[in-house]
Amino acid sequence: MATFKPKFIKPETDDAIADGGGNQEPQNSAFVFNANHNLGLVEQRERLPIRKYRDQILYCLENFQVVILVGETGSGKSTQVPQYLYEWGWHSKGMIGITEPRRVSTVTLANRVAQERGELVGDTVGYVVRFLERTSNDTHIKFMTEGILLRELLADPLLTQYGVIIVDEAHERNMLTDMVLGLLKKILRKRSNLKLIISSATIDASFFSEFFSWPRSGAEANQLISVKLSIEGRMHAVSHFYLNEPCADYVRETVETVWKLHQKEPPGDILAFLTGQEEVLEAMDLLREYIASQETTNLKVLPMYGSMTSNDQLAVFFTPPKGVRKVVLATNIAETSITIPGIVYVIDCGYVKVKWYNPTTCSDSLVVVPVSKASAIQRAGRAGRVRPGKVYRLYTKQDYDALAPRQPPELRRSEMSGAVLQLKALGIGNVLRFDFPSPPPAQNLLSALETLYALDAIDEQGELTRPVGFLLAELPFSAMLSKMLYVSGQMGCAEEIITIIAMLQVQSVFSRPASAAAQQSGRIAHRHFEVAEGDLITLLNIHSAFVEEGMTKEFCGQYYLIYRNLKRACELREQLLNLARKKYGIAIFSCKGDVEMVCKCITAGFFTQVAYLHHSGVYRQISSGTELAIHPNSTLYTLPQAQYVVYGELLQTTKLFMNHVTVIKKEWLTELAPHYYQQTTVRD
DNA sequence: GAGCACTGC
């Protein structure tokens, strides 16, 4: 099509391809193509791209304390490097520990490595994730989640059991990754015999090598601490195309690009990235208009976003019939979490929706911002998995060049009270001076310290209090929920509070179907559990009903609930009950239907997050007077407004919305948090 | 009347 080509220019040099070749394998692919799947395990190991780097890796580890391994997951580094170290005898200096960001990959990798060694997992190769442990005295290669290593640090601050630590997927820069890296830096300076391997994406390698460098004295003064090692990957080349001029409406531009691509380009499926559900649905409608204008339709358009039911999501994994092209309009879910097969063309709108913590209002904002280069590269890489592909970026080459290298890491965008508590428990007195890989805004740390002080977890000097502070640091959830649990032990309703906490740990239990009719039925079904006290008591009701009805899928189907999440909440609940009783000595009693008691415990955790009904008819934050609204997802949205409520979280979108809302009585505030609420500050 | 996406102790 003549009108199509001039819109995009191909960069004159191919350095855009070289630097943006998509050399990043998704972290947690649902599908990993293995060309050697019918070879024996030994031959498979020999054929992996990483094999030819083995001696180099071992050499670097002999000579440097920190090795930064740059390359993709498909290169086999997560499974092979631990084995190379073991085969070379590194385990004689202590265990080889590998941290992973997720439970599933931890278990899968351990199983795979054990299998390659012809052993059962739990022997030489073991793993530890929350609630699951497969290790023995013979375990020398130990896979674990980052959270587990952090917990081990509490008992063994110098990690004396370990000779080498491998931090896998470090470029993800989760909150825990950053905590672990900051703490490891401290340890490495004290223990010169501890080695660290960081697995990273290209874009972050220099950052890590700068972070892991510090002055040394004597003969070693000029010797570098870290070294970078790049491992080539197996991706196909991706050609990059840009707009000549910025576009005004990227949803429309996406649709037009899909259509032109479809007319002009050879077969191959299309994946388009948009920022949210609303845009995906809008683009679907626009594209349907194009399709309706044609006589024959050989284009299959599919949406893909997180809140779709998993059944609807499955549609994108099917191969379309011959002669039909599949177009997937997706949110960021397709960037790393889900790998859609058959994609040859990618359209990148250039924006992403992110959550951002605002310490002045203690709320999260949901904002649309330009993507980072790392994301743009990751998105483009989705086109090069099956054969050479093409990416169409709906912005100019100049705009691309000006993009930030990466999104600020999670730790800089999040509420910090949990992290601060952890650091305090590890003996780091002044968290403002802790060496974070990317320091969070001081404001975020100060706001976390204020919260912890209000919860009575730290004293005026910033020291952890006994018993509350130390208990809160040990409990595996947020400081406010931990406080709630602590108080519930004293008030005799820990059973109910543990249920509520477990329900809050899992993703939403409410199913939200795509069709309008089903949405309406779902809403009516959910009303069955709703109570005037609010969302947390509603969750309590759902849990009881689920258990009473035999925890069946049928029950969930009938009431539009997500079985998978409810079942996980029940498992979590059982384990929390055990943990609270055995490890923390919390008395587990049920208040047997005394709802007021449960609401009081909720208040004891959330008392810093209170809103009162202003005479103008809107809610205001009690501490600041800021206007707040009940989130439409809350059960209280449709009920008459109560005078006082506490909330679990604030989200800024079109308004400042309160979520997880519970109705309270004003008197409880001065009763449960007298140090925080002087009688006079509680308004009527 | 509104919902980027995840993960962990």
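Letters A, B, ... are given to chains in the order of the sequence lines, protein chains preceding strands, and every chain is numbered from 1.
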Round to a whole Å and report the spacing from [atom1] of [X] to [atom2] of [N].
X         : N      : atom1 : atom2 : result
Ile148(A) : dC9(B) : CD1   : P     : 5 Å
Phe143(A) : dG8(B) : CZ    : C1'   : 18 Å
Asp348(A) : dC4(B) : CG    : C1'   : 14 Å
Lys353(A) : dC6(B) : NZ    : P     : 14 Å
Met175(A) : dT7(B) : CE    : C1'   : 12 Å
Tyr250(A) : dC4(B) : OH    : C1'   : 11 Å
Asn659(A) : dG3(B) : CG    : P     : 10 Å

Which one, [options], comes nearest to the side chain of [X]?
X         : options                : result
Pro632(A) : dG8(B), dA5(B), dA2(B) : dA2(B)
Thr331(A) : dC9(B), dA5(B), dT7(B) : dA5(B)
Leu366(A) : dC6(B), dG3(B), dG1(B) : dG3(B)
Arg103(A) : dG8(B), dC6(B), dA2(B) : dG8(B)
Ile333(A) : dC6(B), dA2(B), dC9(B) : dC6(B)
Phe657(A) : dT7(B), dA2(B), dA5(B) : dA2(B)

Do Arg379(A)'s NZ or CZ and the ring of Phe273(A) fall within the cation-pi criteria of under 6.0 Å and 45°? yes

Any N/O donor-acceptor pair, Arg151(A) side-chain to dC9(B) base, under 3.5 Å: yes

With sequence neighbours excluded, residues passing ring-ring contact (aromatic ring centres under 6.0 Å, His included) with His660(A): none

By ring-ring contact (aromatic ring centres under 6.0 Å, His included), Phe434(A) pairs with (sequence neighbours left out) Phe436(A)

What class does the angle between the rings of Tyr400(A) and Tyr395(A) fall in, given that below 30° is parallel, 30 to 60° is tilted and above 60° is perpendicular? parallel

Please indicate whether Glu133(A) has more than 12 foreign heavy atoms, meaning atoms of other residues, nucleotides or ligands, lying under 6.0 Å from its CD. yes

